[in-house]
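Everything below concerns the one structure shown next.
For clarity, every value in this text was computed on a predicted model and none was experimentally measured. No hydrogens, no waters, no symmetry mates; every other heavy atom, side chains included, goes into these values.
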Amino acid sequence: MKKCVLFLVAIVMLACTNKAEKGTIIIDVNVLDVATGKIQEHKDVVIDSGRIKSIFEHQKNRNRYETMVDGKDQYLMPGLSEMHAHIPHPSENNEQIEDVLFLYLANGITTIRGMLGHPTHLVLRNNAESGELPSPRIFTSSPSLNGKSVTSVEEAISVVTTYQKDGYDFLKIHPGIKREVFDQLVKTAKQVGIPFAGHVPVDVGIHHALESHYASIDHIDGFLEGLVPESANVKPGDNGFFGYAFTPLADTLKIDGLVALTKENKVWVVPTQSLFERWFAPITADELLRQPEMQYMPSKTLADWKKRKIATTGTATGFNTKQWQKFDAIRKQLIQKLQKGGVGMLLGSDAPQVFNVPGFSIHREIDGLLAAGLTPLEIIQSGTINPAKFFNKEGVFGQVKEGLEADLILLNANPLDDMDNLKDLSAVFRKGHFIPKVEINKRLAEIAKKNGYPLKSRTATEKRDAPLNGTWKYYSRKGKKPAASATFTRIKTLANGYWSMSETNILTNKLDSYQGGRYLRNDTIFSETNTFANSSSLYLLGETQLFELDVKKDTLIQTGINNDTDEVWIRVE
C-alpha cells in the first residue's frame, strides 16, 4: 500500500513538472537598458498578467510556459512612444480608426499621446487599456483651445474646468488665443490640476509661454520667433509657417538663452522635425507619394495631403528653398542645443499629418534627429524612458524592468548600432499580448489591399511571394484524401517572410498547438524556422524544416526534405 501511495505521488509530481507555467517566456535574449545604453546578454524574460515578472540569466533547463519565444541573437527593448499623435475624428469610420491605431503598433509604438482630443477618444483610451481594442496605450488631449473656441476669460474658466472634469489627460493649446485669455486659462488649469501643451499663440510669445510652465511645447513652436532681435520691430503675426518668414532675422546667439529658460521652467519639447522635412520642405508631393508607407493610407487622404502640400510649398506660395535650408539648419541647431542643454526631449512626428503615415513617420523623425546631432541612445530615451518620466509613469512603462507593464519590442539587430534596426522587429508585446511579425505583416497587407495598393508597385520579392502569402487550411497528406473523421482544423498564415500555424480541436474548440517564425524561399526550396511556440509544440522551437514547394493557384504542396511532413494546403484567404 505504501509503495502504491509513493507511486501515485510520483505520478502527480511528474504531472506538475510537465504542466506549463502561466504566461510567456522570451528565451536567451539581449536586453537593452535604455537608461544606460548597456546590453544585458543572454537573459530569459518572463511575462505574466501583462507585466514583466522576472528577468534572469538564461537557463538551458527551463520550465515550459504557455508561450515560448526564441530570443537568441535578438534584442528586447521598451516599446516606443509617439508623443505627437492624432487619432482620427469619429466622422471617420471605426475601421479607419482601428487601422491607424494598428499602424502605430506595427512599428513598435506602444504608447501614443493624442494631440487633438474628442469625447470618443476617452472611450478608446479605456478600451485600449482593457485590451478590448488592439492599440497602443493612449493619453489624450482635450478638444482644441484656440482663438475661436476660447475668446474670453469667462470661456477659459468654463472650458478648462469642464475638460478637467471630463477626464482628459491634458489641454491642447492651438494658435489664436489672446494673452489675457491665455493667462486665465493657465491660472484655471493650475487650480484644477490639468497640464497644458501644444502650440505657442503669437500674442503669448515663447518667453511668456515658457514662464507659464507648459507641460510640453510641440514643433519647437515660437522658438525661432524668439531669436528675432527686438530692434527688428517685426509684427508677430507675420511669422509665417512656424517662424519661417523670420528666418533671415534670426540671431542664433540667442539660442542658449532660450534653452536655459526652457530647462529652468522644466518644459519638455517635442520637435516633430519630420513635419518640416516632408510637408514644409523642398520635396514634391509626387515624390512623397511614391514612398512605400503611402500604401497604408486611403486614396482620399493622400489626395488631400497632396493639395495641402502644394498649397503650402507650391510654386505660387513664394516658398524659397535657400531660405528653407537656413530655417532647417536653425531648427537642427535648436534641437541639438535643447538636448545638450538638459531639456527633456520627447519623440514625436505629428501623425497622421501631411505625408506622415502613423508609425512609419516615427522612423522619418528619427532620421531627422540623427541629422540634428542626437545620438541613438538619446533618441531611444526620448521615445521610452522620457515619456514615462513626463507622465509620471516610470513604475508603469518605459524600460525592460521587473514589475513594469510588458510593452516591448523584439528586434533582429541592435538599434544602437544602426537606428534602422528599429524597423526590423520580429514581435511586439502590448501589456504582454504577443503580436508576432506574421500577424503584423498580414494585417498590413489587408490594409494595403483595402486602399487599392497595386501589385505592379510592389518589390520583386513581394511580387514573387504574392501567390504564397495568405491564409491556408490543411487539406490532407500528399497523395491522400482527407480523413473523414478528422477532429482538428489546422491553419497556416504566410506573410512576407514570416509564418504561423495553429491547430484547433474541433470537438472542444480549443487551441492545441501554435507555432511560427521566419520562412525563406529559394526557387522550389522552402524553409520554416520556429521562433515561437506554445507549450504543446515546444519541441519544435529553434528547429528549421526544409520542404520542396509547389504552389498551384489556390493549392500549396509541401514535401518534406529533412522531415516526413508531406502536406497539401488549400487557400482560404
Side-chain angles (χ1 to χ4, degrees), residues 50 78-90 92-116 118 120-121 123-140 291-302 348-353 356-365 383 397 405-411 422-453 469-471 493 495-498 500 516 573:
L80 296 171
S81 298
E82 165 59 273
M83 293 295 284
H84 197 110
H86 288 287
I87 301 170
H89 191 273
E92 302 286 347
N93 60 57
N94 289 336
E95 189 176 14
Q96 175 65 16
I97 294 172
E98 291 174 5
D99 286 349
V100 165
L101 294 173
F102 182 80
L103 289 175
Y104 290 121
L105 279 180
N107 285 274
I109 294 169
T110 54
T111 294
I112 62 172
R113 186 175 68 139
M115 295 300 292
L116 188 58
H118 186 275
T120 58
H121 296 171
V123 178
L124 291 175
R125 183 184 64 186
N126 294 337
N127 291 344
E129 189 63 22
S130 69
E132 181 181 338
L133 175 68
S135 166
R137 173 188 292 102
I138 295 173
F139 294 94
T140 181
Q291 294 178 341
E293 64 260 40
M294 298 304 154
Q295 64 184 296
Y296 304 116
M297 299 308 295
S299 56
K300 181 178 178 296
T301 299
L302 296 178
S349 66
D350 198 346
Q353 186 53 277
N356 269 355
V357 177
F360 296 88
S361 63
I362 211 70
H363 301 293
R364 306 286 183 182
E365 180 71 16
F397 69 96
E405 288 189 359
D407 285 355
L408 308 167
I409 50 179
L410 186 60
L411 304 170
L422 286 169
K423 304 175 189 177
D424 187 16
L425 53 83
S426 65
V428 175
F429 296 82
R430 169 69 179 112
K431 290 189 77 171
H433 176 65
F434 175 52
I435 312 172
K437 189 62 179 290
V438 62
E439 292 184 18
I440 292 171
N441 284 352
K442 180 185 176 185
R443 178 73 183 276
L444 288 177
E446 291 169 351
I447 294 172
K449 183 179 179 180
K450 179 171 57 181
N451 291 331
Y453 181 59
N469 289 332
T471 303
T493 298
N496 291 332
Y498 290 83
S500 67
E573 284 183 27

Apply side-chain contact (heavy atoms from CB on, under 4.5 Å) to the pair E365 and M83, showing each step before the final yes or no. CA-CA 12 Å; E365 180 71 16; M83 293 295 284; over 6 Å; no
Of D99, I97, T120, which is the lone residue that meets side chain to side chain contact (heavy atoms under 4.5 Å, CB included) with P88? I97
Say whether, by atom type as modelled, one donor and one acceptor occur between the side chain of N93 and the main chain of E95 under 3.5 angstrom. yes
Tell me the closest heavy-atom pair linking A106 and L444, and the distance in Å. CB-CD2, 4.1 Å
Rounded to the nearest 0.5 angstrom, the CG-CD distance for N126 and E132 is 9.5 Å
Side chain N469, main chain N496, donor-acceptor under 3.5 Å: yes
Does the N356 side chain pair with the main chain of S361, one donor and one acceptor, at a distance under 3.5 Å? no
Here the gap from H433 atom NE2 to T110 atom OG1, rounded to the nearest 0.5 Å, amounts to 13.5 Å
Would you check if Q353 and H84 make a side-chain contact, meaning some heavy-atom pair closer than 4.5 Å? no
Is it true that a side-chain atom of R137 and a backbone atom of T111 form a donor plus acceptor pair closer than 3.5 Å? no
Test M294 against V357 for side-chain contact (heavy atoms from CB on, under 4.5 Å), laying out the working first. CA-CA 7 Å; M294 298 304 154; V357 177; 3.8 Å; yes
Verify side-chain contact (heavy atoms from CB on, under 4.5 Å) between L103 and I447, making sure each step is shown before the conclusion. CA-CA 9 Å; L103 289 175; I447 294 172; 4.2 Å; yes
Compare all side-chain heavy atoms of R443 with those of E98 and state whether any distance is below 4.5 angstrom. yes
Would you give the length of the straight line joining atom CZ of R125 to atom OG1 of T140, rounded to the nearest 0.5 angstrom? 7.0 Å
Fit a plane to each ring of H89 and H118, take the angle between them on a 0 to 90° scale, and name the class: parallel (under 30°), tilted (30 to 60°) or perpendicular (over 60°). perpendicular
So, do N451 and Q295 sit near enough that their side-chain heavy atoms are less than 4.5 Å apart? no
Does K431 reach the main-chain N or O of E129 with its side chain, forming a donor-acceptor pair under 3.5 Å? yes
Between the CG atom in N107 and the CG atom in L422, the distance rounded to the nearest 0.5 Å is 10.0 Å
Tell me the closest heavy-atom pair linking A351 and Y104, and the distance in Å. O-OH, 2.6 Å
Give me the atom names and distance for the closest heavy-atom approach of S135 to R430. O-NE, 3.0 Å
Between the main-chain N or O of G359 and the side-chain N or O of E82, is there a donor-acceptor pair closer than 3.5 Å? no
Rounded to the nearest 0.5 Å, how far does CG of L101 lie from CD1 of I109? 11.5 Å
Heavy-atom pair with the smallest gap, counting every atom of D424 and Y498: OD1-OH, 4.4 Å
For I112 against A85, the heavy-atom pair lying closest together: CB-CB, 3.8 Å
Which pair of non-hydrogen atoms, one from S349 and one from I362, has the smallest distance, and what is that distance? OG-N, 4.0 Å
Between CG on residue L133 and CG on residue L124, distance to nearest 0.5 Å: 6.0 Å
For the side chain of H121 and the backbone of P90, is there at least one donor-acceptor N/O pair under 3.5 Å apart? no
Heavy-atom donor-acceptor pair, E439 side chain to P436 backbone, under 3.5 Å: no
Quick one: do I87 and V100 satisfy side-chain contact (heavy atoms from CB on, under 4.5 Å)? Show the steps, please. CA-CA 7 Å; I87 301 170; V100 165; over 6 Å; no
